[in-house]
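Down below is the structure, laid out as structure tokens.
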Amino acid sequence: MSAVDAIVKVETFIISVPREVPYLGPLREGERINEKGYFVRRGNNSIYPSTDMTLVIKVTGESGTVGWGETYGIAAPEATKAIIDELLAPVMIGRDPGAPVPLHEDLYDLMRVRGFISGYYVDALAGVDIAVWDLYGRAVGRSLASLVGGQRHQRLPAYVSGLPRATLTERCDFAKEWVDKGFRAIKFAAAVSDDGIVKEMAALREAVGPGIDLMVDLHWKFEASEAIRLIKKLEAYDLYFAEAPVEPEDTEGMARVAHGISTVLALGEEWRTLYEYRPRFERRAMGIIQPEMGHTGVTEFLDIGRMAKAFHVNIIPHASISVGLFTAASLAVTSALKRVPYHEYQHSIFDRNLAFTDGAMGCEAGYYRLPEGPGIGVTPNEALWNHVVAA
Ligand code: MG
């Protein structure tokens with residue numbers, strides 16, 4: 001059988017979008033932007049860029065049809081770009097986008113024996129995988145949700161992620177604004193709490209009242225016993241979930257926390273493949289998984305979603321810094337999965353991104369409006385190309 005629209009060209013673009021307020025809120029004492037444009041958050045000892053960086057992938061078929069993808073480019077996107085340009089692109093030429101899963105498996109194999117089974121290599125795979133699925137959908141005139149099994153949800157509940165304001169009073173007021181706009185779920189990032197996480201949570205619950213789902217992101221900061229003690233204290237404020245309490249390497253610690261609290265644990269934004277998820281599922285280390293489309297691509301995201309079903313675990317996808325392309329893919333694939341209470345909504349990024357793409361995607365009054373049309377349902381427009389820093 002001949003190819004749907006054989007791949008003839010693969011291109012990559014590093015995008016850098018300026019932002020007024022740094023990610024997770026204004027810089028705090030002792031935090032400064034270094035000569036390369038990055039800063040370290042003292043609250044979680046993680047490095048962040050001062051602009052929003054991402055990597056966009058364009059795959060062209062022999063008929064001229066174009067597929068768009070995007071991958072995680074938050075730090076040193078040059079590395080991911082080089083992997084695609086040097087290693088993946090030449091191997092992809094001539095392959096059939098109508099067979100995206102075999103292509104993804106073959107590309108994964110290229111570097112397996114060298115131990116490149118996660119990190120930047122798999123981010124690169126994620127970006128091209130989204131572009132290949134998009135090209136497939138556009139070539140045959142079908143949406144991504146229909147290609148991966150069929151759309152179940154017509155809209156998806158959105159939880160408001162992060163309250164990037166300088167003081168606790170301002171964060172409480174900001175939370176109330178979202179509730180007034182119709183949102184029913186809010187997460188705060190413990191990395192930026194001033195007077196301790198318990199006080200922050202107590203004040204937020206007081207501010208929004210009962211009936212709103214409150215979540216906390218603990219940013220991998222605690223030893224397992226500390227995490228259990230802390231989360232038990234937070235139970236008084238009726239947490240919907242507690243996210244990432246212990247370091248990602250500590251699978252046993254995660255399982256201990258999960259089994260030692262009555263709050264649901266949410267984990268997985270930093271994991272990329274089925275192989276990373278499997279031991280955590282087996283240890284029953286979480287009740288909610290948070291796959292990030294920018295790390296997984298469509299193929300792994302689907303596999304992970306199916307495995308979650310086998311373990312009766314809910315899926316609340318993560319939504320990282322992007323320009324909206326992998327967000328569209330995430331919404332499309334999530335709309336085809338079963339147990340999905342929410343999808344993350346990073347308002348400061350998502351709302352801005354709507355200017356960079358053409359398509360029906362949106363988020364209002366507590367719900368995502370899903371992309372429509374073939375492939376991922378959105379395409380980059382002129383506004384995005386003003387922010388290309390390397391092609
Ligand atoms: Mg998180």
Side-chain angles (χ1 to χ4, degrees), residues 21-26 28 40-48 72 74 157-165 168 171-172 174-175 178 183-205 207-208 212-224 226-235 237-250 253-254 257-258 261 263-271 280 285-292 294-295 314-322 330 341-350:
V21 180
Y23 190 64
L24 298 180
R28 291 163 169 259
V40 176
R41 280 279 178 215
R42 296 179 75 199
N44 64 358
N45 209 29
S46 295
I47 195 161
Y48 294 93
Y72 198 78
I74 197 168
Y159 81 79
V160 175
S161 184
L163 300 167
R165 294 291 183 269
L168 178 53
R171 287 193 286 277
C172 286
F174 196 43
W178 287 107
F183 288 81
R184 310 306 297 168
I186 296 169
K187 183 175 85 183
F188 77 95
V192 291
S193 59
D194 292 308
D195 307 320
I197 296 166
V198 177
K199 264 196 176 168
E200 181 99 9
M201 185 69 196
L204 278 172
R205 175 54 78 198
V208 300
I212 300 297
D213 288 335
L214 282 182
M215 302 105 159
V216 60
D217 189 348
L218 297 170
H219 284 111
W220 311 275
K221 272 177 64 168
F222 300 94
E223 183 277 327
E226 287 173 351
I228 291 171
R229 207 159 48 233
L230 170 63
I231 295 166
K232 279 187 169 170
K233 281 185 197 159
L234 297 176
E235 277 165 10
Y237 311 108
D238 193 19
L239 271 186
Y240 183 82
F241 68 62
E243 176 174 327
V246 301
E247 289 174 341
E249 300 89 338
D250 188 9
M254 283 173 206
V257 176
I261 58 175
T263 302
V264 178
L265 267 197
L267 303 174
E269 70 174 78
E270 73 279 23
W271 310 334
R280 279 90 171 195
M286 63 276 170
I288 292 167
I289 58 162
Q290 301 172 295
E292 164 58 68
H295 285 323
N314 285 331
I315 304 164
I316 302 185
H318 190 253
S320 200
I321 291 173
S322 76
S330 184
Y342 289 106
H343 190 294
E344 185 173 17
Y345 168 49
Q346 294 243 29
H347 42 86
S348 66
I349 300 164
F350 181 87

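These values consider heavy atoms only, across backbone and side chains, with no hydrogens, waters or symmetry-generated copies. Please read all numbers here as calculations on a predicted model, not as lab measurements. Along the sequence shown, residues carry numbers from 1.
- The side-chain contact (heavy atoms from CB on, under 4.5 Å) check on Glu247 picks up Glu249, with sequence neighbours excluded.
- Residues forming a side-chain contact (heavy atoms from CB on, under 4.5 Å) with Ala244 (at least two apart in sequence, or on another chain): Asp217, Trp220.
- Counting all heavy atoms, side chain and backbone alike, Val257 lies closest to Ile228 at CA-CG1, 3.8 Å.
- Residues forming a side-chain contact (heavy atoms from CB on, under 4.5 Å) with Ser348 (at least two apart in sequence, or on another chain): Arg19.
- Closest of all the heavy-atom pairs between Met254 and Leu265 is O-CD1, 3.7 Å.
- Gln290 meets the side-chain hydrogen bond (donor to acceptor under 3.5 Å, both in side chains) test with Glu243; sequence neighbours excluded.
- Nearest heavy-atom pair, Ile316 versus Pro341, reported as atom, atom and distance to 0.1 Å: CG1-CD, 3.9 Å.
- Here the options are Arg205, Arg171, Arg165, the test is salt bridge (Lys or Arg N to Asp or Glu O under 4.0 Å), and the partner is Glu200; only Arg171 passes.
- For the side-chain contact (heavy atoms from CB on, under 4.5 Å) test, residues two or more places apart in sequence or in another chain that qualify with Ala203 are Leu168, Cys172.
- The shortest side-chain heavy-atom distance between Ser161 and His318 does not fall under the 4.5 Å cut-off.
- The distance from atom CD1 of Ile261 to atom CD1 of Ile231, rounded to the nearest 0.5 Å, is 4.0 Å.
- Using modelled atom types and a 3.5 Å distance limit, the side chains of Ser46 and His219 yield no donor-acceptor pair.
- Closest non-hydrogen pair, Thr263 versus Leu239, comes out as CG2-CB, 3.8 Å.
- Side-chain contact between Leu204 and Leu214 is present, with at least one heavy-atom pair separated by less than 4.5 Å.
- Judged as a side-chain hydrogen bond (donor to acceptor under 3.5 Å, both in side chains), and not counting sequence neighbours, the contacts of His295 are Asp123, Arg272.
- In this view, Tyr72 satisfies the side-chain hydrogen bond (donor to acceptor under 3.5 Å, both in side chains) rule with no residue, not counting sequence neighbours.
- Although no hydrogens or angles enter the test, the distance criterion places a donor-acceptor pair under 3.5 Å between the side chain of Glu292 and the main chain of Ser320.
- In this view, Trp178 and Phe174, Phe183, Tyr345, His347 satisfy the ring-ring contact (aromatic ring centres under 6.0 Å, His included) rule, not counting sequence neighbours.
- Side-chain contact check for Ile186 versus Asp213: every heavy-atom pair is 4.5 Å or farther apart.
- The shortest distance between side-chain heavy atoms of Tyr159 and Phe241 falls below 4.5 Å.
- For Lys187 and Glu344, the salt-bridge test passes: some basic side-chain N is under 4.0 Å from an acidic carboxylate O.
- Taking all atoms of both residues into account, the shortest heavy-atom contact from Pro248 to Arg280 is O-NH2, 2.8 Å.
- Under the side-chain hydrogen bond (donor to acceptor under 3.5 Å, both in side chains) criterion, Tyr23 pairs with Gln346, sequence neighbours left out.
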Practice prompt. Please lay out, stage by stage, how Ile197 and Phe188 fare under the test side chain to side chain contact (heavy atoms under 4.5 Å, CB included).
Written response: CA-CA 10 Å; Ile197 296 166; Phe188 77 95; 4.1 Å; yes
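- The two atoms that bring Ser330 and His343 nearest to each other are OG-NE2, 2.8 Å, heavy atoms only.
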Worksheet item: Do Val264 and Asn314 pass the side chain to side chain contact (heavy atoms under 4.5 Å, CB included) test, and can you show the C-alpha distance, the side-chain angles, and the key distance before you say yes or no?
Response: CA-CA 10 Å; Val264 178; Asn314 285 331; over 6 Å; no
